[in-house]
Each structure stands twice: as structure tokens, then as C-alpha cells.
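First the structure, in the form of C-alpha cells, and then the observations on it.
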Amino acid sequence: MADLDYNDKSRRQFLKSAVLSGVGLAAGRIDALSAPANAPLTLVEKGKSTYTICLSEAASPSEKHAAEELQRFLEEMSGARLPIASDAEKPAGDLILLGKSVLVEQLDPRIPYSRLGAEGFVLKTSGKQLLIVGGAQRGTLYGVYTFLDKLGCRWFTPEVSVIPKKPTLTVAPLDEMQKPAFEYREPFFREASDRDWAARNRVNGASMALDESTGGKFVYYPFVHSAYLILPPEKYFKDHPEYYALVDGKRRSERAQLCLTNPNVLRLTIQTVLGWMEQHPEASIYSVSQNDCEGWCECENCLRVEQEEGGAHSGPFLRFVNAVAAEVGKKHPDKLIDTLAYWYTEPPPLHARPLPNVRIRLCPIGVCEAHPYENCKDDAYFMNHLRAWSKITNQLYIWHYVTNFSHYLLPFPDFDELAADIPMYRKNGVVGIFLEGDFAEGGGGENAELRSYVMARLLWNPSVDVNKTVNEFLAAYYGKAAPPMRSYFDLLERQVRLAPPGKGQSMWIYSSPGSSYLSEEFLAQSEKLFQEAEMAAADQATKARVAKARLSITYVKLMHSKAFEVRAESYAPADLGRLQENFRSFMSDVRSFAITQLHEGVPLTVDEENFSRLMKPYRVATIENAELRVHVAAELSGRVIRIISKKSGKDLLHHSDPGERLYPDVGGLSVAAYSDYLAARPYDVKWELEPPSGRGALHLRGSFSNGLKAKRVIRLAKQGPIVTTEITLENGGDSALDVVLQSRWVVGSKSLEGAVLSLRQPNGKNVEQKLIEPGQEPRGSQVYDGAAQPDGEWVLSGAGTDEALVNRFPKEQVSRCFAQWQGKTENAVTMGLWSAKRTLAPGETLKLEADYGVHTPK
Ligand SMILES: [Zn+2]
Ligand SMILES: [Zn+2]
């Protein structure tokens, strides 16, 4: 941003000093004296130039590169190739002075280098001289690109630039200083990683191919989630389980964290970080951060620190990170320590304050991305966290999300949000921003090119006109197809823009293809605009760009068409043959654009395997009574897939989005056996339906790969809208196995506003828990055990169904209950039961019974 302060105070003094110091200039002709101070410069006239680009003999690699870039683009624009000389050669004639040099010192000794830092610069005309002078690392280079930008040059993508043709190039008088709004600027898209694109758009992120010639970059080591890099469990866990988090009564080295109050953990961390600093001196920031999961330590000391810090899980973390930073800072005062405020550590601690060499990366992972955070009720919780952190540190970084990580191609209308929130971050004292998108090999995330470009402009100058920036990009990128592409852009933004004038729909980074902003009407209108754009596209390259953008709409339609239906004895998509054909053709298009991932971390081959394994008809068994009709697909993990209330005609079960990767083997009413409450995956099992043994009951047989065997009975109560389930597990192997059984159902449909879980605790106390609270993120989870456990029954009401839903169980069989809910795009509530955990000797059995249905008050 233009530094007005500098301009206002020093403009007159600068001109005066330039004139005075110019007297001593050694370079022959002193144009500062002979030309009027505010006349435009003519750099090139009809393809001829009198100018020389002049550098210090001691110019940095990026300043030398800056000179070549300036030479190259001025020639592209005007046809004139300006010579490059060093100040030691004492070039005569008109000069473009790049970077700090003897000549610049003589011409203007007042340039505030210390304020420019590594990336700031000054652009000035002085008589007939032009000065582009900035920090040696990247400042002068950025000055050159900013100057070329003023002449109309744009680098939209690595392939698409606009370099205007101007055989005569004049420059209006200049006197300004610029510095980036944020010290760290990283749009994290494959499309943004190109060296030249990144340098020309003045971003400096760790993922970019920036090298010495472009002034390097902001280097992290390691980048994030470093807990187990610091203390690898394979090295320490066996002898020192106490270094690792105590979770649910057990020290754990999988999907958990470290014990942050253990003094040896601190000692070893300091040792490790000092080692990193020796081995990776190129890095300026070292990450001491939580793993990408929950599992914080519940040992007595860690809990005590949490309590002292107002109950914040960030308390133990920040105290630990500060202790590391204090110690390593003694030896490396110029290095920074990074940590996260993420997920369970998002709310700040009560007392601990980040040391000056600590950078907190605050991650708004749970926010609605459709609306400016300050205007969206679902984001109020995050704004509270941001304001609280910005009160206790003036070195805050943000890890912002700019794609849908479950569906990289899903339309992601967050441009209103970005245009508002990057300035909002700046206002809240944020100094660095990482914008996480699709960085998979080959890229291809929705709108990645436009998005990267707009983000880079905003990160340099948050007050840039986003609307104009989008138009410039679209005009260059789509040519004659730009008007319909702009209409598509507006149509998409209007789906979410707050009403009026928009439709006010919400969007999250894991939103599903079934989200309401991706309505059939929107898809139909989009198709029309894409047809128009394809017709208008003037050449093959543009046609390909339109076709690539259109993949997003094709993807959404494809996901919608995966929806399964029950028809007679079959559960299948409406038109399986056509779906298979469309899928093949879609995947071939995806590959033709070199896209390698449609979901974070999942190669295309996995999508294809899942598709051919899961997209097929499943046999359905049905039982019914006067109130309910129940459909079971045994091959789908023994799942109950529908519980239809005959009274309302509605399904009690939530219908999972067909875009879920393991769809249709998800949701419903299901059982599973685990080794432990916190195990990542259940034991592998195959279910089969046994021959019918009378109306109103289904018998299933489960065979586990580890030797467990299960019998499951699903029946309808003789009277009333209740499904009764029972599973009996037997250890059919020859060694003992740790086993815990889980039974769950996923319910809810329209909205969770007003949804209430009601339960009576064993002490007789009635609890009514509202799931969605104003000002809070519309999701949550809770475990109910011990004195908080429901006394054999819990009821969910107001979750989009007219009827309240009930789950009953024999309390002696159940050791804890849990609920998970989200009122984002899916509006689903999972109610689950866990049996007691047992070590089953061969031949021993474990049983869990549970009833599910419509609650009929007594
Ligand atoms: Zn601990
Ligand atoms: Zn919102």
C-alpha cells in the first residue's frame, strides 16, 4: 500500500534534497537539475530509448534479475532494448536506477531503507531519472514488477499475461513507497507455485519455486503438525510412554499428542529444534505444532495447566512453545517458532502470551466461507477467537481455507468473503496469511487460476478492487468467452451472497455436492452459460479453459446422480448404466487436464476403485409392521438403510450425501466392533442375510477377518414404531481379543435449529441439551459416561422430523453414549452406544441390544 505518511511529509524535502545532492553526481549529465521536477518521463519514443538500466556493482541476485525482467518487459512493450550497466561503469545519459547504489545515494540520500525492510521499495521520478529502489532481498524486484504493473503489465497465470504494446512509453511523475500488507503471503495452489508467476505477483510462500534469483521465500521447517517429528513414537514410546498424551486413561502414540508438561519432552524438543536450525539454516521459522487430530494430554499436570489457563487447551501448548522459543532464541535470536491455534487449540489461553519470536497460525477451519466473517452468524465464534488472539499478539498469522477439501472441483463462491476478510485480518493486526487450496500434483482445484491471482493481489494490497481484478483476469483468460464466464461467476456468488440481493446460502470447506447453493436451478443456468462460453471461445486454448471450468458443474451433476433409491428388492442409483458411462467420460476429461486428485490426498485410481466396488445394486430385505417399514442392505456393512414412518411417509434416518466417498456404505443404523473406544477403524467384517425365520425379523451373520463371529437380529416391536436390534459377538478364534461394540444411527434432515437431546441421568436429573447455540459453531460432539450417561433412554426432538426419535438400551450393557451433530450442509445427528470394553477369550461372547424408533410419550 502506498505509504502516505512518507509521501506527505517528504515529498517536498525529497525534491529539494535530490536537487542538492544531484550536484555531486558523478554520472555526467545531471538531469535532475535540468528537467522540471514533475514532468512526465519518456522512457521510449517510437521504439527508441535513451535510457540505461543501472545497478550497483554489488547488486543482489534478485536485483540483477529485476534488471533483466525490466529490460525484457520494456522491450516486449516498446521494442526498445535498454542496456543494463553497473554504477561502477558510470553510465552516461538517462538512467533507470535499480536498487541501492552509489548513484542513488548521491541522488537521494534520504531513502528510508530501514523502513523498507526486505520487501518494500520506493518508486520515484527525479528529473529525467527513474528510481526503483528497495530492500535488497526482494524489494527492488517487487518495485520493478509494481512499476510494470502501473504500465499495464499483468501476469494472470504462468501462461496468460498481458503486456501492452506501447512504442512510446511515458511515465507520470512518481513518488511513492510501498510495502506488502503482510510479511508472509502464500496462496497454496499448484497453479501459484510457478517461480516467475509467484515473483511477478509478489507472493513469497514456502511452496513456491522461488529461488535466489527471485529473492528466496519464506521458508518453514517443518511446515506443520510436527509433534511426532519432534518425538517419533517408534523411537521413544516403548521406553517412555509418559512422553505421550494420556487419553481416555491410556498413554497413546497414535492419533494423539505429546504430554506437554513433561520436562523431558521440553528438553528433547529444544534439542530437536536446535538440530533443525543447524540442519536447515535456510528456514526462518520452525514449527512446533500439534498433530492433525485431537488427543490432547489428560494427565494431572496438563489438566492443571489447562485450568489455570481458563480451560483452554491452547494453554499447555503455548506455555510449552514459549519455553522452547525462549531457549532456542538465546542461540538463534533471528529465528521464529511457529505453532497452531487450530481445532481444539483455537480459543486462546487466559494468561500465557506468545513471546516475540513465536508466530501463532490461527486456523478458521469451522467457519462458513460464503460470507464475510463479521456478517455471518455462524462465524461469530471465530471472530471472538480472532479478536482475542489479536489482543495478545501483534504477530498473528492466519491459515485460511480456500477450497473444498472433500471435493476440489466443487464450486466455491468465496470471493465476497475474501474481498472482505483479507482487509479484516489486516485490521485485526494479522501479519501473515497462508491460503490453503488444492496443491495436488497437476492442480485443477475449482477456479484455482483466478483465485490465486486475486488472492495474490489482495495479500499485497487488501484494498485492491476485487471486482475490477476479476474482470481483468476473465477478459485476458477467456477472451470473447469472458462475458458468459463473468455471468457464471456472478450467478455462483449470488447463490451465497447475503439476502438481498443474494440467496444467502451457506458454504463450508467440507460442504457436500447436495448443498442447497448447488440447486438444480443453479446447475441448469450454469449449463446454459457454459454452452454460451464454449460457443464464444475464439481458440482451442480458450475452449479448453472453459471446458476445465465446466468440470465443476459436471462433477456436481454426477454426484447428484449417484443417489440410491429402494425399488422392490433392490437398492441402486436411478440409472446405473448411464451413471457408469458418465463417470468414465468424466474421469477421462479430468485426466485430460492432468488433474491427479478430486479429494485431498486421494489419487484418482481410488475414486475409480470405490466407484466400481460400491456403485452396484444391493439386495434389500424388508420388514414392516403397522407403523414402520424397515429396509436392510446386508452387503452394506449390515446396515439398516431406511426406517420409513408410515404415518408421516418420512424416513427416520438421515440420507447421506451421494458425494460421500464411501457412499452408499455410510450412515443408516449400523453396528461395528472395535479394539478400543478410540480405534481409528472397526474390525473388518462381512455380513450376510440368513434365510427368513418368520415375519417381522431379519437375521444376519457376520464373519470377521480376525476370527470374531457375530449374530445380529433386527426386528420390529409387536406394537409401536420401534426397531429392536441385538448383536451377539463371539470370539471364534484361538486367542483373546480386545473388543468393544458400537451401535449407532444417523438421523435428522432439514435443520438442527431447535434440535434438543433429552435424557435422564442415573441420579434422576433430566437434561435437555440444545444442539445449536447462537454464536457457536453449528456442530458438536459429546461423550456421555458415568454420571452423565442416559439412564437407558435418550430422545432427539426438533431435528427436522415431526416426530421425536428415541434410542433405548439396557443400561447394564452400555458403558458410554456419544452424540455428534452438524447443522452445516447436512444437518445430521449421530447417536451412538458403546458396550463395555472386554477382552474376549476364545468362545466368550459379548452382547449389545438397542431399540430405535419414534418416541411415543407415555
Ligand atoms: Zn500431560
Ligand atoms: Zn455464512
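Note that ligands are numbered from 1 as they come in the structure, with each ligand's atoms numbered from 1 the same way.
The two residues Glu826 and His655 come nearest to each other via the heavy atoms OE1-O, 4.3 Å.
Geometry at the Zn ion (ligand 1): SG/Cys259 and SG/Cys297 form an angle of 110°, nearest 10 degrees. Rounded to the nearest 10 degrees, the angle SG (Cys299) to the Zn ion (ligand 1) to SG (Cys302) equals 100°.
Under a 4.0 Å N-O distance rule, the pair Lys824/Asp378 does not qualify as a salt bridge. Ion pairing of Asp490 with Arg497 is absent here, as no side-chain N (NZ or NE/NH1/NH2) approaches a carboxylate O to less than 4.0 Å.
Looking only at its N/O/S atoms, His371 has ND1 as the one nearest to the Zn ion (ligand 2).
Of the residues listed (Tyr342, Phe188, Phe223), the one engaging Trp399 in a ring pair (Phe, Tyr, Trp, His ring centres under 6.0 Å) is Phe223, and it is the only one.
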